[in-house]
There are 2 protein chains.
Amino acid sequence: MAESAKALETSARILDAAEKLFVEHGFHATSMRLITQAAGVNIAAVNYYFGSKDGLFKAVFERRAEPFSQLMLAHLDEAERVNPVPSALQIVHAFTNAALQMGNEPDYGGQLFVKLLARTFVEPHPALKESMPRRYGEVSRRYIAALGRAMPHLSELELHWRFHFLSSALFNAFAGNNVLRLFMAQPIVNARDPELVARMLLPFVVAGLNAPSAG
Amino acid sequence: MAESAKALETSARILDAAEKLFVEHGFHATSMRLITQAAGVNIAAVNYYFGSKDGLFKAVFERRAEPFSQLMLAHLDEAERVNPVPSALQIVHAFTNAALQMGNEPDYGGQLFVKLLARTFVEPHPALKESMPRRYGEVSRRYIAALGRAMPHLSELELHWRFHFLSSALFNAFAGNNVLRLFMAQPIVNARDPELVARMLLPFVVAGLNAPSAG
DNA sequence: CACAGTTTCAAACACATGTTTGAAAAGTAC
DNA sequence: GTACTTTTCAAACATGTGTTTGAAACTGTG
């Protein structure tokens with residue numbers, strides 16, 4: 001078994017390098033040779049430890065997925081402990097605080113996982129098809145239920161839509177997927193600083209959540 | 001020159017097939033053989049007409065880019081003709097109407113271009129680095145200026161942020177990048193119907209735009 | 001030390017990639 | 001119908017891909 005310190009170090013180095021490169025260039029544009037070279041390990045090490053490139057991607061993802069989902073639940077728990085029926089603002093705060101905390105703790109891979117998530121929405125990887133709903137189904141339901149208590153005027157369906165828009169906005173914002181970077185030569189928004197993104201984004205999404213029903 | 005009817009038909013078939021496949025699988029995961037097979041042409045035809053795979057991508061993109069930017073400007077012009085200082089709602093309507101019209105006119109490639117745009121935000125292609133700002137710089141400035149007149153309480157910087165959030169939300173929503181599809185086993189939102197997306201999204205983003213400043 | 005299991009490594013594997021070639025076919029103009 | 005250009009095609013090109021191999025190096029244990 002891969003229990004020795006050296007072995008753990010090797011597979012961890014691979015995970016770190018792969019995480020960074022997958023986020024930067026995407027899955028298909030990142031080759032095994034690039035990953036192993038960046039990690040300073042032999043080409044065969046990936047297949048030795050993770051079976052395949054797909055297995056590596058899954059491992060990269062799952063290393064962060066569980067901690068993040070637990071962070072999201074913990075922050076919602078805390079919000080509901082302070083206030084049994086948290087407002088939209090407080091719910092969004094739970095969300096953004098989870099993302100920010102994820103980015104601040106180096107052990108959690110910084111902002112990389114949020115970016116990887118945002119990439120995965122656009123380019124879903126088959127290896128995640130079944131593990132993601134298992135892990136994030138409860139998180140989604142909990143947040144949607146909380147939003148329902150905060151905005152009782154919205155139907156179940158419209159709550160799902162609002163959560164969809166909310167998470168799209170949050171993940172894309174934190175991932176730094178800047179539309180303006182593509183559209184304008186010198187965009188003046190700095191979408192790279194998570195704290196700034198969170199402050200700018202908050203009034204926007206909170207007002208959006210509280211908006212009257214589409215009818 | 002490629003001016004005969006047959007030649008136009010061939011390159012157009014390639015563009016159509018490539019557009020669909022690039023949207024579906026992304027640039028790197030779409031091979032030349034897949035494209036030419038889907039288009040029913042010989043492998044060498046792509047290099048003959050477009051020089052390279054990168055050249056093909058650029059051609060695919062640019063075929064739609066100009067019509068779409070003109071649609072966006074035309075709808076904003078119309079809104080400002082009806083009302084010299086359009087509200088946030090009317091501005092968003094100009095935006096969504098452009099996207100919906102793009103999707104409804106078959107000659108414009110349906111919803112495909114919006115999806116391609118959304119993909120490109122996450123995975124920018126070098127071939128577009130210089131042509132996009134040239135084409136969409138004015139569009140962005142016009143919309144941001146209109147938003148500034150509608151919401152005079154926001155600073156120039158915050159207006160750019162709002163436009164960033166607005167366009168992120170719109171493009172991702174129309175592209176059908178459904179967070180819930182990844183997070184939940186049976187999502188109840190149908191993010192594929194553009195008219196429905198537009199109706200659900202409108203109150204959310206309009207309220208977001210009109211929100212008080214982040215301060 | 002010697003033995004077992006674990007990990008590393010250079011090399012090769014079979015296959016897929018984008019691109020080029022040169023000749024055949026189709027089309028155009030005088 | 002002949003000369004010329006444009007377009008198509010099968011084949012090959014060089015290179016990159018993920019993966020496998022089998023031996024060497026290392027590890028911890030009795």
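- Atom pair A/Ile35:CD1 and D/dT17:C1' shows a separation of 12 Å (rounding to whole Å applied).
- Of all nucleotides listed (D/dT7, C/dA10, C/dT20), D/dT7 comes nearest to the side chain of B/Tyr48.
- Between B/Asn42 and A/Thr30, the residue whose closest nucleotide on DNA chain D is further toward the 5' end is B/Asn42.
- Taking atom CZ of A/Phe50 as the reference point, atom P of D/dG18 lies 15 Å away to the nearest angstrom.
- Looking at A/Arg119 and A/Phe22, their side chains never come closer than 4.5 Å, going by heavy atoms from C-beta outward.
- At a cut-off of 3.5 angstrom, counting only N and O atoms as typed in the model, there is no donor on one side facing an acceptor on the other between the side-chain of A/Arg33 and the base of D/dG16.
- Here B/Thr10 reaches the OP1 or OP2 of D/dT8: one of its side-chain N or O atoms lies under 4.0 Å away.
- The distance between atom CD1 of B/Ile43 and atom P of C/dT19, rounded to the nearest whole Å, is 11 Å.
- In summary, the aromatic rings of B/Phe171 and B/Phe95 are positioned with their centroids under 6.0 Å apart.
- As a whole-Å value, the separation of B/Glu9 CD from D/dT8 C1' is 14 Å.
- Rounding to whole angstrom units, NE2 of residue B/His28 and P of D/dG16 are separated by 15 Å.
- Along DNA chain C, the nucleotide nearest to B/Ala44 and the one nearest to B/Lys53 differ in position, and the one closer to the 5' end is contacted by B/Lys53.
- Proximity of B/Ser31 to the phosphate of C/dA16: no side-chain N or O atom is located under 4.0 Å from OP1 or OP2.
- To the nearest angstrom, C1' of C/dA16 lies 13 Å from CD of B/Gln37.
- Between B/Arg81 and B/Glu78 a salt bridge is recorded (basic side-chain N to carboxylate O distance below 4.0 Å).
- Residue B/Leu21 contributes atom CG, which lies 16 Å from atom C1' of C/dT17 at whole-angstrom precision.
- Taking every side-chain heavy atom of B/Asn47 into account, C/dT20 is the closest of D/dT20, C/dT20, C/dT7.
- Checked against C/dT17, D/dG18, C/dC9, the side chain of A/Met32 finds its nearest nucleotide in D/dG18.
- Under 4.0 Å is where a charged nitrogen must lie from a carboxylate oxygen, and between B/Glu195 and B/Arg199 no such pair does.
- Side-chain N/O atoms of B/Tyr49 include one lying less than 4.0 angstrom from OP1 or OP2 on D/dT8.
- When side chains are defined from C-beta on, B/His75 does not count as touching B/Thr96, because their heavy atoms never get closer than 4.5 Å.
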